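So you know, we letter chains A, B, ... as the sequences are listed, proteins then strands, and number each from 1. The model shown is predicted, which means the values in this text are computed figures rather than measured ones.
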2 protein chains.
Amino acid sequence: MLYTDLEDVLVKVRTSLEHDDVAGAVAALEALRAPDQADLFSELEDEQQTALLPRLDPEDAADILEELDDEDAADIVATLPRETAARIIDEMEPDEAADLIGELEPAEQEYVLRQLEDQAEVRPLLLHAEDSAGGLMTSEFLALGRRMTVAEALAALRTWKPDAEDIYDVYVVDRHSRLAGTISMRQLLMEEPAAELADVVETDYVSVLVGTDQEEVARLMSRYDLATLPVVDPQGMLVGVITIDDVVDVLEEETTEDFQRFGGTQPLDRPYLDSGVLTVVRKRVGWLLLLFLTETLTGSVLRHFEEQMAAVVSLAFFIPLLIGTGGNAGSQTTSTIIRALAVEDLDKRGLFRPLFHELSVGLVLGLVMGVVAYTRALMWNTGPAVALTVAVAIFAIVVWANVLGSLLPIIAQRLKIDPTVVSGPAMSTLVDATGLFIYFTVAGIILAI
Amino acid sequence: MLYTDLEDVLVKVRTSLEHDDVAGAVAALEALRAPDQADLFSELEDEQQTALLPRLDPEDAADILEELDDEDAADIVATLPRETAARIIDEMEPDEAADLIGELEPAEQEYVLRQLEDQAEVRPLLLHAEDSAGGLMTSEFLALGRRMTVAEALAALRTWKPDAEDIYDVYVVDRHSRLAGTISMRQLLMEEPAAELADVVETDYVSVLVGTDQEEVARLMSRYDLATLPVVDPQGMLVGVITIDDVVDVLEEETTEDFQRFGGTQPLDRPYLDSGVLTVVRKRVGWLLLLFLTETLTGSVLRHFEEQMAAVVSLAFFIPLLIGTGGNAGSQTTSTIIRALAVEDLDKRGLFRPLFHELSVGLVLGLVMGVVAYTRALMWNTGPAVALTVAVAIFAIVVWANVLGSLLPIIAQRLKIDPTVVSGPAMSTLVDATGLFIYFTVAGIILAI
């Protein structure tokens, strides 16, 4: 069953719970896959969740907690008896368990940790920033000695029972636990059983330091098509492994953040529908106010050119048209440049290539828009002089918007500021005030006012 | 070596080639990983590429072609002797080989195909749309009979030598080649050697039809944390397997397209720096013109309210400020809603929840902006009546922008139009004309003009 047919099951689970038939609800839920269980589960009332979770198989309950937002999972766990909570958390993958425990109250944290069988695996994971390699990695990996044979490694694999299902590589370490090489299970199967691991492992592997940012981790794994990535501490000791499924989630999360930032708002920390009205307001109001204050510059420019406007009133009709087109051209440019920075290492190619590219594009687009604007202005019976003013101004504004839109994100990146800070709204606002200035300067020259 | 230190190697390769030391260049290149080789390779001149590629180990050459853009790879292959081209393509993964061959001239295609050892694997892949499951899948998978034992399956695995490295699952089919179950290599290792595959495979697997859209494939694999996904035809016959690394590329590509569309431009088909000026212009000019024509509505609105503007000239100073803020609020809303549609299935929750959410957010933001605008207007000595007009208008415009920004993407999605069509520029443009109308209507009431 796929995720589109959950409504029927939800009705069934709800009906069962209303008739106190918890076993029926459990059966309906356990027939689903974990992400679907979690989706359905989060649609239930809080009391229903608390009643249902301890009745599920602990492995299923653990899977559901893994799929939920960490904060939601912690809220539910806080309502459970501590022993039940610990029993369920013990079945979670260590990295997910650590994320959840990190959200609990300190007193609760210590208690749950002490109850865990996996304590030794989970505790070190609590030390790392959530958005670093250390925060993404699991401490559940198979590290074997260099002198072991392939047959012994296969035997070790057979008795290894990790909570996670998707680990396909075996790690080989020296006697100081320093990572010495990796080998995939498939490769291991194909080697001579009597061979020593040291002789068959891949020593030219990619690894990251525990403090590496998660965005860098995602880039590496995506670039080198890695299913798993070993994490080492500064001494080279193997401390964890990152699996690709976690990175897919990171990519999705980073995309959402970039998108929201580019729309001119601070990213939400939680899913949209779970974010309260005041949270959403708080994430947006800062940019809205900052852009408002910047935009008041347009008022100053207009007051500065008050006489010109009074002399030729029809100039005012074109104001939204001109600055709107400038903002659009700027937004087109900056969205393209921001993605090229993210996926093509554009910032390593220098400033001039993108600048020159956008200058050329801006000249052509400006010419097209100038011709169209000239025609449109004539149709409004403004006379050829005003039409020429509008045409020249739109040409200059489009070129200017393209130049700004290519330079600003790259400069931001160089200053180690996220380039999405040059959002669409930020571009429009910048182009509005400067565009008006261009417009009235052109008008002053052509109309001699 | 990681991807940031390529400059030195590039210099070395170039110097070697200039001194006709092809072997030196080959050695420097072969020390790198495939994605780095490809990056470096694409920095070389066309003649250097053509000289170098046949001298590389065919497997390395194949890896480079796999990493390059399909069109670039086809351009290079077209310059090679046909035998050399076929020898290299034979070492490529079948799905990548099919993508490349699809870009060749028809006559060339047939010749290369007939030369391939992997012909039987590659030919069927040419039939599927590039953005479907069929276009993403590889035909290189291990399908075993249900009656085989675990020991026999492991033996089969040992002798299987696929071109791809990242296949971790084994597929079990019935005698009509219909998919009957899947089992991971790790699971296979842990089962009794004498057990029959039919008794140990997972039968509750996720699979997709060959025509499924790649975006849906990416959603499924990301949702269910799948490393591989089997592809079946309408009769249930196993025809291919999709691996997660291809899906990570799809996610990146779709993100780039969404980002560019949201910036108000049609997506580029190729990397930014490889796209010519005229191509970029063609992708942008359509939207720019359409938005320009829509924006001319603002001129009509202004002409309609010409008397009011002439009566109270200071109203004009606030025009960019008001419509700019409306556009910003609209862009904030639509960017959040578009991502929630992409990752949270927002469209399945009905129109009212997001509408109500954004209406509430809009009321609060509108109130804040109204107070700020009132203060700012007083500081410009416009008098309390104009200040009140500006405050009420900005309140109404922000609420209106939030409502539009939440409804339009969801309606687009329901009409099967990509919601990113409601881009930041589109929102600004829509809010500009309607916002002016709101402004002057409010002015008419409050100032009685």
Side-chain angles (χ1 to χ4, degrees), chain A residues 33 35 157-158 166 168 185-186 189-190 222-225 227 244-245 248 251-252 255-256 259-260 263-265 271-272 277 280-281 284-285 288 291-292 295-296 298-299 302-303 316-317 320-321 323-325 328 331-332 335-336 339-340 343-344 360-361 364-365 368 376 424-425 428-429 432, chain B residues 33 35 157-158 166 168 185-186 189-190 222-225 227 244-245 248 251-252 255-256 259-260 263-265 271-272 277 280-281 284-285 288 291-292 295-296 298-299 302-303 316-317 320-321 323-325 328 331-332 335-336 339-340 343-344 360-361 364-365 368 376 424-425 428-429 432:
Chain A
R33 292 195 174 80
L157 256 176
R158 283 195 185 97
D166 42 6
Y168 310 101
M185 288 190 193
R186 196 166 76 74
L189 268 178
M190 289 174 21
S222 143
R223 181 176 175 90
Y224 295 116
D225 287 347
I244 185 73
D245 56 315
V248 170
L251 284 173
E252 196 163 79
T255 300
T256 301
F259 222 88
Q260 293 179 351
T265 156
Y272 172 63
V277 169
V280 178
V281 168
R284 293 188 192 169
V285 75
L288 214 51
L291 294 173
F292 178 88
E295 188 87 51
T296 54
T298 56
L302 288 177
R303 288 163 77 94
F317 300 145
L321 194 53
I323 62 183
T325 300
N328 294 342
S331 167
Q332 289 184 328
S335 71
T336 308
R339 274 310 284 178
V343 299
E344 293 177 47
S360 316
V361 171
V364 180
L365 283 179
V368 174
R376 192 72 187 80
S428 312
T429 305
D432 280 358
Chain B
R33 294 196 174 78
L157 256 177
R158 285 198 184 95
D166 42 6
Y168 310 100
M185 289 190 192
R186 197 166 74 75
L189 267 178
M190 290 177 13
S222 146
R223 181 173 176 89
Y224 295 116
D225 288 346
I244 184 73
D245 57 312
V248 169
L251 284 174
E252 196 163 79
T255 300
T256 301
F259 223 88
Q260 293 179 350
T265 155
Y272 172 64
V277 169
V280 178
V281 167
R284 293 188 192 169
V285 75
L288 215 51
L291 294 173
F292 179 87
E295 189 85 51
T296 54
T298 56
L302 289 176
R303 288 164 77 94
F317 300 146
L321 194 51
I323 62 181
T325 301
N328 294 342
S331 166
Q332 289 184 328
S335 70
T336 308
R339 273 311 282 178
V343 298
E344 295 178 45
S360 315
V361 171
V364 180
L365 283 178
V368 173
R376 192 73 186 82
S428 311
T429 305
D432 280 358

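Proximity to chain A is limited to the side chain of Val368(B), based on heavy atoms less than 4.5 angstrom apart. Looking at Leu157(B), both its backbone and its side chain come within 4.5 Å of chain A, counting heavy atoms on both sides. Of the two parts of Arg376(B), only the side chain, counted from C-beta on, holds a non-hydrogen atom closer than 4.5 Å to a non-hydrogen atom of chain A. With a threshold of 4.5 angstrom between heavy atoms, Val281(B) approaches chain A through its backbone and through its side chain. Proximity to chain A involves both the backbone and the side chain of Leu321(B), based on heavy atoms less than 4.5 angstrom apart. Both the backbone and the side chain of Ser360(B) come within contact range of chain A, each with at least one heavy atom under 4.5 Å from a heavy atom of that chain.
To the nearest 0.5 Å, the span separating OG on Ser222(B) from CG on Asp245(A) amounts to 9.5 Å. Rounded to the nearest 0.5 Å, atoms CG (Leu251(B)) and CD (Glu252(A)) are 7.0 Å apart.
Interface check for chain A: of the options Asp432(B), Thr336(B), Val280(B), the most heavy-atom pairs under 4.5 Å are formed by Thr336(B). Of the listed residues (Ala340(B), Pro271(B), Ala316(B)), the one with the most heavy-atom contacts under 4.5 Å to chain A is Pro271(B). Of the listed residues (Met185(B), Met190(B), Arg158(B)), the one with the most heavy-atom contacts under 4.5 Å to chain A is Arg158(B). Contact count versus chain A (heavy atoms, under 4.5 Å) is highest, among Gly424(B), Pro425(B), Ser428(B), for Pro425(B). Put simply, of Thr265(B), Val248(B), Asn328(B), Ile323(B), the one with the most heavy-atom pairs under 4.5 Å next to chain A is Asn328(B). Comparing Thr298(B), Thr429(B), Leu365(B), Ile244(B) by how many heavy-atom pairs each has under 4.5 Å with chain A, the most go to Leu365(B). Of the listed residues Gly264(A), Pro320(A), Gly299(A), the one with more heavy-atom pairs under 4.5 angstrom with chain B than any other is Pro320(A).
Judged as a side-chain contact (heavy atoms from CB on, under 4.5 Å), and not counting sequence neighbours, the contacts of Thr256(B) are Arg339(A), Val343(A), Gln260(B).
Under a 3.5 Å cut-off, the side chain of Gln332(B) and the backbone N or O of Arg284(A) do form a donor-acceptor pair.
Nearest heavy-atom pair, Gly263(B) versus Ser335(A), reported as atom, atom and distance to 0.1 Å: CA-OG, 3.5 Å. Summarising the geometry of Pro35(A) relative to Arg223(B), their closest heavy-atom pair is CG-O, 3.2 Å, with the distance given to 0.1 Å.
Residues Val364(A) and Val285(B) have side chains not in contact (no heavy-atom distance under 4.5 Å, counting atoms from C-beta outward). Using a 4.5 Å heavy-atom cutoff, the side chains of Phe292(A) and Leu288(A) are not in contact.
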